[in-house]
Structure formats: structure tokens, C-alpha cells
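What follows is a single structure, written as C-alpha cells, with notes after it.
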Amino acid sequence: MPELPEVETTLNGIAPYLSGQTLSGIKVRDRRLRWPVTRGLEQKASGQKIRFLERRGKYILLGLEHGGLLIHLGMSGSMRVLTEPAPPQAHDHFDLETSAGQVIRYRDPRRFGCLLWHSGDVRKHPRLKNLGIEPLDSVFNGKVLYDAARSRRVAVKNLIMNGEVVVGVGNIYASESLFDAGIHPHRSCHRISLERYERLSQSIRKILANAIRQGGTTLRDFVRTDGRPGYFEQQLLVYGREGQSCDRCDGEIRKTVIGQRASYYCPGCQH
DNA sequence: ATCGCCTCCTGCGCGC
DNA sequence: TGCGCGCAGGAGGCGA
């Protein structure tokens, strides 16, 4: 699914068509998302001016004059800016429409995403309350990870995928970041030095920023708002490359399972 | 507080 | 060619 770079890419794609506009309507075709889309959400949001549009972790926040919307792309979600009227396809669950005539169409085959209404400032939505630090924020550094690791015993890969510690790092970028930092994904988070966490935090920032520049990673479902794929897949050095040779040491990339998730690493480069 | 496990859902690629 | 199985980018919720 969309991890931080894909959500950021999506946000950048829809922002020109939504910022400063009036949300004239919402068409919900299928309310069965991660949480059912509440009845009356369309009525509450429609006719309001869009005050702000921002990302928090993997959530997209759409702030209105009164209340706001919280959107998540789940594992398979994407949003498209329609260039012309088109009949909705399978899994096109809702449309956002602006008074300027733009239609933003949300698709999510697996329906793990969500569209939530919040009557107050959407930035205060309970779902956002326990989210950790933004990895691209200047306050994110090695000490954040090191401190979080003091009370925990999980594998370092699980630590950096824990949204209460740092947001936006999903399964692909966790593997890529750990490879970049030379840290074995199975290593206990408790047994990593502050110095190595400093390097890891820099790797996370570097990988995510680079992925955003490439428009994210498209493995299956993700597309940008203009329908093009993201191009970061070509720069994946370990994810999905089991059995292939490492670009750095020529060793063989391995696959393991951590926390029920596939994890890829190079035994020669990561310790 | 932390952790591991299970769950939601659909589609696809693989092996037989 | 057809079918069953395992697996897929997230993350909430549960019991221990």
C-alpha cells in the first residue's frame, strides 16, 4: 500500500484542484470501507470551503470551515483527478467534487482505507492522537529512535514500522532504509547504538525523500493522481529481490518474516 | 506499557 | 486451461 511517499505524491496531485476550492459534493457509492462511511457525511461536508489540505502519517486531512475529512488509502487505495467525466469502475468507492467542476475519484479494491468525518478540527481526530513523529520533520533524528528503543525489545524493523514512534514507514521503505543503514532487520532494537540510530534516521529520510521525488513505488495498485505509476520501484535495492545479487557486495539477498511481514535484507551488508 | 497474533478484503501469480 | 492456495504496500484490536 501506499506508504508515506505514495500518500505525499497523492496529496501533491490533488492539492492544486482542492486547495482554496469549495467542496460542492461527495458521491459515496460503497460505504463499506475500513470503517463504514457514516450516513450524512456528504451532507455535512458539502458546500463548505476547503481551508487546508495536509498529510499526517499516511492520513490525508481535508479541513473545512466546520469539521473536516480524514482519508486513508489502506493497502490498495489511490486517488485520481478526472480529466473528463468517466463511468466509475469497480472499487471506485467515492468522488469528491468541487464547485469548479473537478472530480477526485477514490479507488480501493481491498477496502482497508477510510473516509471519516470529524465535526471539530480534523487535526484533532482521535485516530491521529497517538501518531509518532514525522520522519521528514527536522525534529526526527537518531535520538528519537534510540529513546523509543529503551523500553522496547522488538526487532528494529518493527520499531521503525511502529506508527506511534515514527509515522509513514511501511514494509517496503523499512527494508530499504535498514539496508541503506547497514542494520539487520532482525536485530533487537534494544541493542543498537545511538550512532547507528543516527545513521538509520538519515537513511529513512533519504529513502523517503527520494521516493517522493520518483512519485512513489507502484507494485500493483498504486497510481498517481494522473494515472501514471510511481518510479521508485526501479530503485529498490532489496525489497522483492530475494535471490538476486546485492548491488553493494554481490552477496545474495534474502527474505525473512518479521511480525508476519516479508522482510528483505543483504546478509553481507547488514548486521 | 508492550508484544504477538489475528483480522478486515479483493486480486493475482504460482504450482499442480 | 482450470483451480486452490498463499501472499500482498496497513493498522486496529485483542488477550497475555
Would you say A:Arg127 reaches C:dG13's phosphate, i.e. side-chain N/O to OP1/OP2 under 4.0 Å?
yes
Atom CD of A:Glu242: over 12 foreign heavy atoms under 6.0 Å
yes
Starting at atom CG of A:Leu73, determine the distance to atom C1' of C:dA11, rounded to an integer number of angstrom.
14 Å
Measure distances between side-chain N and O atoms of A:Arg152 and base N and O atoms of B:dA1, and say whether any donor-acceptor pair falls under 3.5 Å.
no
Between A:Lys143 and A:Glu198, does the salt bridge (Lys or Arg N to Asp or Glu O under 4.0 Å) criterion hold? Intermediate values first, please.
CA-CA 7 Å; A:Lys143 185 143 194 316; A:Glu198 198 54 56; over 6 Å; no
In whole angstrom, what separates A:Phe112's CZ from B:dC6's C1'?
12 Å
Between P on C:dA8 and CE on A:Met161, what's the gap in Å once rounded to a whole number?
11 Å
Is atom CZ of A:Arg150 surrounded by more than 12 heavy atoms (other residues, nucleotides or ligands) closer than 6.0 Å?
yes
Round to the nearest Å and state the distance from A:Ile172 atom CD1 to C:dA11 atom P.
13 Å
So does A:Glu42 pair up with A:Lys27, basic N to acidic O under 4.0 Å?
no
Rounded to whole angstroms, how far apart are CG on A:Leu70 and P on C:dG10?
17 Å
Is A:Asp221 touching bases, backbone alone, or none of the nucleic acid, heavy atoms closer than 4.0 Å?
base
Is A:Tyr59 touching bases, backbone alone, or none of the nucleic acid, heavy atoms closer than 4.0 Å?
sugar-phosphate
Measure CZ/A:Phe222 against C1'/C:dA8 and give the value in whole Å, please.
16 Å
Verify whether the ring centers belonging to A:His184 and A:His271 lie closer than 6.0 Å.
no
Where each residue is assigned the nucleotide of DNA chain B containing its nearest heavy atom, which of A:Ser151 and A:Arg32 is assigned the position nearer the 5′ end?
A:Ser151
Interatomic distance, A:Asn130 CG vs C:dG12 C1' [rounded to whole Å]
12 Å
With the threshold set at 4.0 Å, does a side-chain nitrogen-carboxylate oxygen contact exist between A:Arg224 and A:Asp226?
no
Nearest whole Å is fine: how far is B:dG4 P from A:His186 NE2?
11 Å
Mind checking if A:Arg34 touches a base, just sugar-phosphate, or nothing, with heavy atoms under 4.0 Å?
base
Is the distance from OP1 or OP2 of C:dC7 to the nearest side-chain N or O of A:Arg220 less than 4.0 Å?
no
At under 4.0 Å, does any side-chain N or O of A:His72 touch on OP1 or OP2 of C:dA11?
yes
In dot-bracket, 5' to 3', how would DNA chain C read with Watson-Crick or G-U wobble pairs under 3.5 Å, [ ] for crossing ones and | for pairs to another strand?
.|||||||.|||||||
Proximal nucleotide (of C:dA11, C:dG12, C:dA8) relative to the A:Lys58 side chain:
C:dA11
Is A:His190 atom NE2 crowded by more than 12 heavy atoms from other residues, nucleotides or ligands, each under 6.0 Å away?
yes
Quick check on DNA chain C: between A:Leu131 and A:Arg110, whose nearest nucleotide comes earlier from the 5' end?
A:Arg110
So, does A:Tyr239 get its side chain near the phosphate of C:dA8, meaning an N or O under 4.0 Å from OP1 or OP2?
no
Determine: side-chain N/O of A:Arg111 to OP1/OP2 of B:dT10, distance under 4.0 Å, yes or no.
yes
Picking from B:dC5, B:dG4, B:dT2, which would you name as closest to the side chain of A:Gln260?
B:dC5
Taking 4.0 Å as the cut-off, does a side-chain nitrogen or oxygen of A:Ser76 come that near to OP1 or OP2 on B:dT10?
no
What's the closest nucleotide to the side chain of A:Val154 if the choices are C:dA8, C:dG10, B:dC3?
B:dC3
Give, for atom SG of A:Cys246 and atom CD1 of A:Ile253, the distance between the pair rounded to the nearest 0.5 Å.
5.5 Å
If the P atom of C:dC7 is compared with that of B:dC5, how far apart are they to the nearest Å?
15 Å
